[in-house]
2 protein chains.
Amino acid sequence: MILSRTSQYAIQALIFIATRPPGEPVLNREIASYLNVPPAYLAKIMQSLCKGNLLYSYRGRLGGFCLREGASKTDLMQILLLTEGPSFTQECVLGLKVCSDATACPMHTKWVPIKKKVVALLNEQTLEKLARAVQTGKYRLSDLPTSLLAPMRRA
Amino acid sequence: MILSRTSQYAIQALIFIATRPPGEPVLNREIASYLNVPPAYLAKIMQSLCKGNLLYSYRGRLGGFCLREGASKTDLMQILLLTEGPSFTQECVLGLKVCSDATACPMHTKWVPIKKKVVALLNEQTLEKLARAVQTGKYRLSDLPTSLLAPMRRA
DNA sequence: CCTCATTCGGAGAATTTTATCCGAAATCCA
DNA sequence: TGGATTTCGGATAAAATTCTCCGAATGAGG
Ligand code: FES
Ligand code: FES
């Protein structure tokens with residue numbers, strides 16, 4: 001039910017960059033402050049996304065991060081393969097070392113079809129799509145300020 | 001895509017107990033060795049399952065753990081509520097603090113239906129069902145010995 | 001009663017994940 | 001050239017998860 005924080009930050013950051021005009025480098029500082037995540041930690045994640053060939057990075061003034069050409073067609077699965085490792089779709093839900101029809105745990109037959117749905121979803125959601133959804137204003141990338149979360153709190 | 005090890009051990013252990021004759025206490029040591037998990041760690045998990053009212057525990061000779069009456073009707077969701085905490089089905093896939101239609105992230109509309117399927121599955125899989133599946137011999141609770149995992153290894 | 005076997009409960013070690021810090025290298029611009 | 005800004009990369013710290021150890025309490029049986 002859970003992605004690691006690292007994966008969540010990576011996805012959020014990439015969608016955010018995808019909402020910005022392509023070609024204009026975006027500062028790590030700006031992303032972190034918009035998403036409200038720790039800047040130094042996010043910087044590490046950005047580095048690994050560069051190494052995974054999803055981003056370009058530019059140092060110095062006017063530096064920052066840009067999506068690589070075509071990276072707006074990147075889907076979430078490609079990102080998660082970087083951040084969660086290549087085996088994350090192949091794991092047994094009960095933690096057995098091997099998940100296959102031949103070595104199935106008692107959840108296997110029910111779990112695999114759902115897993116397939118998840119994988120299909122991750123494969124079809126591209127940064128472009130997700131960025132557009134955000135741009136409509138109907139969907140958000142960061143938390144609402146706490147003041148808005150419990151508006152009935154006022155006396 | 002991932003349950004914590006704690007949850008995986010808890011589920012495995014409970015299914016194992018459910019495959020045993022009810023009323024006869026099962027030793028922690030026996031469970032741990034069958035499932036091939038760290039005994040001292042499993043003992044902690046068993047303790048918390050007792051506190052969560054899924055198990056009875058008996059100390060001393062002839063001690064061990066038994067399912068509580070009716071616990072074979074326990075479903076996986078009840079177990080996970082103990083081991084993962086009460087909010088684990090309500091979390092945003094991208095990590096936003098609140099997941100709701102009104103504060104949706106760009107994955108929300110696609111993710112929630114899948115989440116519902118997962119929840120429904122967890123709600124319908126009882127220890128009884130899962131234990132029976134294991135008893136048929138077609139499904140396993142523990143890993144195969146490594147010697148069997150790569151049978152082509154022999155010269 | 002004593003002995004043995006077991007869970008209980010607390011402390012704490014090891015590992016992994018998350019987060020921080022800082023000096024060095026790159027780049028822009030004056 | 002030199003100053004300002006930014007990422008890079010390595011070390012390290014903090015927190016959470018996973019795992020271990022041990023003495024105490026409990027209960028069965030001799
Ligand atoms: S073996 Fe457990 S999910 Fe496939
Ligand atoms: S808000 Fe992200 S899944 Fe609901």
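For clarity, every value in this text was computed on a predicted model and none was experimentally measured. Just so it is clear: chains get the letters A, B, ... in the order the sequence lines come, proteins before strands, and each one is counted from 1.
The phosphate of C:dT7 (OP1 or OP2) has no side-chain N or O of B:Gln47 nearer than 4.0 angstrom. Phosphate contact (OP1/OP2 of C:dC8, side-chain N/O of B:Ser57, threshold under 4.0 Å): present. Close to D:dT5, at under 4.0 Å from its OP1 or OP2, lies no side-chain N or O of A:Arg59.
In this structure, A:Arg61 and A:Lys51 both approach DNA chain D, and ranking their closest nucleotides by distance from the 5' end singles out A:Arg61. Each of A:Tyr58 and A:Pro39 was assigned the nucleotide of DNA chain C with the nearest heavy atom; the assignment lying further toward the 5' end belongs to A:Pro39.
Taken together through direct or relayed side-chain contacts under 4.5 Å among Ile, Leu, Val, Met, Phe, Trp and Tyr, A:Val98 and A:Leu96 form parts of separate hydrophobic clusters.
Residue B:Leu62 has its side chain nearest to D:dA28 when only C:dT7, D:dT6, D:dA28 are considered.
Between the side chains of A:Glu84 and A:Ser4, at least one donor N or O lies within less than 3.5 Å of an accepting N or O.
When rounded to the nearest whole Å, the span between CG of A:Leu42 and C1' of D:dT7 equals 12 Å. The nearest whole Å value for the distance from the CG atom in A:Leu27 to the C1' atom in D:dC8 is 15 Å. Look at OH on B:Tyr56: it is 15 Å from P on D:dG27, rounded to the nearest Å. In this entry the distance linking CG of A:Asn28 with P of D:dG9 reads 14 Å, nearest Å. Going from atom CE of B:Met46 over to atom P of D:dC19 covers 16 Å, rounded to whole Å. D:dC21 atom P lies 16 Å from atom CZ of B:Arg29, rounded to whole Å. Taking atom CD1 on A:Ile45 and atom C1' on D:dG9, their separation rounds to 16 Å, with Å as the unit.
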Look for any protein N or O under 3.5 Å of an N or O in nucleotides 15-19 of chain C and output each such pair with its distance, or none.
residue : atom : partner : partner atom : Å
C:dT18  : OP1  : A:Arg5  : N            : 3.0
C:dT18  : OP2  : A:Thr6  : OG1          : 3.0
C:dA19  : OP2  : A:Tyr9  : OH           : 3.2

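Counting heavy-atom neighbours within 6.0 Å of B:Arg140 CZ, excluding the residue itself, gives a total above 12.
A:Leu14 pairs in a side chain to side chain contact (heavy atoms under 4.5 Å, CB included) with only one of the listed residues (A:Thr74, A:Leu67, A:Ile31), which is A:Leu67. When A:Met46, A:Gln47, A:Arg68 are each tested for a side chain to side chain contact (heavy atoms under 4.5 Å, CB included) with A:Leu55, only one passes: A:Met46.
Taking the six-membered ring for Trp and the full ring otherwise, the centers of A:Tyr34 and A:Phe16 sit less than 6.0 Å from each other.
Proximity of a side-chain donor or acceptor of A:Lys115 to a complementary backbone N or O of A:Glu91 within less than 3.5 Å is detected.
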